[in-house]
Number of protein chains: 2
Amino acid sequence: MRKTFLFMDTIVNKVDAKGRVSLPSDYRAIVKELSTEIVCYRSLTSPCIEGCAEELLEKIAADMETSLDFFSQTQDDLTNLIFGDARRFSFDSTGRILLSEKLLKHAQITDTAVFVGKGRKFQIWNPENWAKEEKRIRQEIMKNRPSLSMKGGN
Amino acid sequence: MRKTFLFMDTIVNKVDAKGRVSLPSDYRAIVKELSTEIVCYRSLTSPCIEGCAEELLEKIAADMETSLDFFSQTQDDLTNLIFGDARRFSFDSTGRILLSEKLLKHAQITDTAVFVGKGRKFQIWNPENWAKEEKRIRQEIMKNRPSLSMKGGN
DNA sequence: CTTACTCTTATGGTATAACATGGGATTTTT
DNA sequence: AAAAATCCCATGTTATACCATAAGAGTAAG
C-alpha cells in the first residue's frame, strides 16, 4: 500500500521568542516522504496561516501554464496573490521552522500555535481563534447537514 | 526527484545610487539550479518590471513554433514586445543585479524595490505601487471568489 | 498494576554561516 | 578622459545549524 500524505490531527506547539515552532512530526514525515518542502502563506479567508507541500504549488503553477492564457489578467492576479505571499519554510535538525512576522501577525499568534490538518493542506491558528472557529464550523455543519452530499469530488 | 523552482514570497530590497539591487537569495538559487540566467523586461500591463528565467522564454519561443496561433497577430505583437524588451541581467559575486534606467523608470523605482514572486515569473515594484496593487488584487479575488475554482481547492 | 527504561519529540540556548548593503578599486565602454 | 559597469572587500544583521536538556509516549520487566 502506498504511504499516505495527508495532514491530519490538531497539534498545539509553543512558539518561542524568535518565532520558532516545532513542525508536528507527522507533518515532517510527509515532507521527507515526498522529498519536498513546506510552504506557508496567509489564508485568504481566515486569520490563520495556511501551509502545504511545495509540490502542490508546483502543480498549480503547471496547471496555470497550460490552462490559462499566459497573458490573462486573472492568471496574473492569482499568481501574484498565491506565490507573492507563499514562502518556503524548511525545518532544522530539531524539526523547527521560523515563522515570519507577517504570518504571525496575520494569524495573531504570539506564544502558542495550533496546527490543524486539512488533508493536502494544513492551517496554523492562534488557540483562541481556533476554538471559536471549530465551534462555528461544527454548528454550521449541523445546520446544513441534510443538504450535504458527496459530490464525488474532493 | 526534481527540485522545484518557483519564485515566491515578497522581498523588499534597497536600490543603491548606482541602481544595484540584491536579487533575493531564493531567486539566485533557482538560477543556479537551472543553470540559466535572469531575464527582465517591462511589464506589458503594470508599472513594474517583470522577470523570469531565460529558460522560460526559451519555452515560450518553442511553444510558438508549434502553436496553432503561429500566425496570430496578437500573439505576434505580444512576443514582439516581450522579446524586444527583454534583456539578461546577471548578478555579481555578492548577488546583485544592475537594473537599467529604462526599467527603473517604467516601474517608478528609486531607492527601494519590492520583489514579488509569481511562480515561473516574478515582478519588481515600487513599494507604494505594490501596496496599492496588492490591495486591488485582494479585493478583486474576494469579489470573484465563488466563481474561481482552482484544482488545488481552497 | 506498577516501575524502570528507551526512544521520540519538543523546547531553550548558543554558535555559525548566509545575506543584504555600503564603499571603494578596477576594468570596460564610448 | 569621463562615465559606466563590474568586481572585491568589509560590516551589521538575521536566519539557520548545532548542542543540550526536558517532557512525554510507549515498551518491557518486575
Side-chain angles (χ1 to χ4, degrees), chain A residues 3 7-33 36-41 49 51 54 86-105 109-117 122 124-127, chain B residues 3 7-33 37-40 49 51 86-105 109-117 122 124-127 130:
Chain A
K3 261 221 159 197
F7 297 106
M8 290 193 278
D9 206 358
T10 299
I11 285 116
V12 181
N13 279 344
K14 285 267 169 66
V15 180
D16 72 13
K18 300 181 201 165
R20 292 184 300 181
V21 217
S22 279
L23 198 68
S25 67
D26 285 357
Y27 291 17
R28 276 181 267 158
I30 294 173
V31 172
K32 278 181 192 157
E33 179 69 24
T36 183
E37 296 273 355
I38 287 292
V39 164
C40 293
Y41 50 93
I49 302 167
E54 188 171 8
R87 178 157 110 58
R88 217 178 357 208
F89 289 87
S90 43
F91 51 83
D92 62 22
S93 57
T94 61
R96 279 183 292 197
I97 56 174
L98 180 72
L99 292 172
S100 68
E101 267 306 316
K102 185 174 79 174
L103 292 181
L104 290 170
K105 195 177 159 200
I109 292 172
T110 54
D111 60 349
T112 310
V114 182
F115 290 81
V116 184
F122 63 88
I124 314 177
W125 286 80
N126 156 308
Chain B
K3 258 225 159 190
F7 296 105
M8 290 195 280
D9 205 359
T10 299
I11 286 121
V12 181
N13 280 345
K14 287 268 168 66
V15 181
D16 70 13
K18 302 178 197 170
R20 294 182 299 179
V21 216
S22 279
L23 196 68
S25 67
D26 284 358
Y27 292 16
R28 276 181 268 159
I30 294 173
V31 172
K32 278 180 193 158
E33 179 70 24
E37 295 275 352
I38 287 292
V39 164
C40 293
I49 303 167
R87 214 199 89 192
R88 231 196 308 227
F89 288 86
S90 44
F91 51 84
D92 63 22
S93 60
T94 59
R96 281 183 288 201
I97 56 174
L98 181 72
L99 293 171
S100 69
E101 265 308 315
K102 186 174 76 175
L103 292 181
L104 289 171
K105 195 178 160 199
I109 292 171
T110 54
D111 60 348
T112 310
V114 182
F115 290 80
V116 183
F122 64 88
I124 314 177
W125 287 79
N126 156 307
W130 169 243

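What you are looking at is a predicted structure, and each value in this text was computed from that prediction instead of being measured. A, B, ... follow the sequence lines: proteins, then strands. Residue 1 opens every chain.
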So do B:Ile11 and B:Phe122 actually touch side chain to side chain, heavy atoms under 4.5 Å? no
Would you call the rings of B:Phe7 and B:Tyr27 parallel, tilted or perpendicular, taking 30° and 60° as the class edges? perpendicular
Base of C:dT14, side chain of A:Lys18 - is there a donor-acceptor contact under 3.5 Å? yes
Between atom CG in B:Leu103 and atom P in D:dA5, what is the gap in whole Å? 12 Å
Answer with base, sugar-phosphate or nothing: what part of the nucleic acid does B:Thr94 contact at a heavy-atom distance below 4.0 Å? base
Between B:Asn13 and B:Val21 (side chain of the first, backbone of the second, donor and acceptor by atom type, cut-off under 3.5 Å), is there such a pair? no
Could you tell me whether a side-chain N or O of A:Arg28 sits under 3.5 Å from a main-chain N or O of A:Leu23, the two making a donor and an acceptor? yes
Which residue lies more 5' along DNA chain C, comparing A:Val15 with A:Ser25 via nearest heavy atoms: A:Ser25
Closest of C:dG23, C:dA10, D:dC18 to the B:Arg20 side chain is C:dG23
Name the closest nucleotide to the A:Asp92 side chain, picking from D:dA5, D:dC18, C:dA10. D:dC18
Once you round it to whole Å, what is the distance between P of C:dT28 and CG of B:Leu98? 17 Å
For B:Asp16 and C:dG24, what is the distance between atoms CG and P respectively, to the nearest whole Å? 13 Å
At what distance, to the nearest 0.5 angstrom, does CD1 of B:Ile49 lie from CG of B:Leu104? 5.5 Å
Can you find a side chain N or O atom of A:Arg28 that sits less than 4.0 Å from OP1 or OP2 on C:dA10? yes
More 5' along DNA chain C: B:Val21 or A:Pro24, using each one's nearest nucleotide? A:Pro24
Nucleotide D:dT14, atom P - distance to NZ of A:Lys102 in whole Å: 18 Å
Considering only C:dT21, C:dG24, D:dC18, which nucleotide approaches the side chain of B:Lys14 most closely? C:dT21
Rounded off to whole Å, could you give me the OH-to-P distance for the A:Tyr27 and C:dT9 pair? 15 Å
D:dA15 P sits how many Å from B:Asp26 CG, rounded? 13 Å
Let me know the distance between CD of A:Glu101 and C1' of D:dT14, rounded to the nearest Å. 13 Å
Give one of base, sugar-phosphate or nothing for A:Leu23, where a contact means two heavy atoms less than 4.0 Å apart. sugar-phosphate
Protein-nucleotide distance (A:Arg96, atom CZ; D:dC18, atom P), rounded to Å: 13 Å
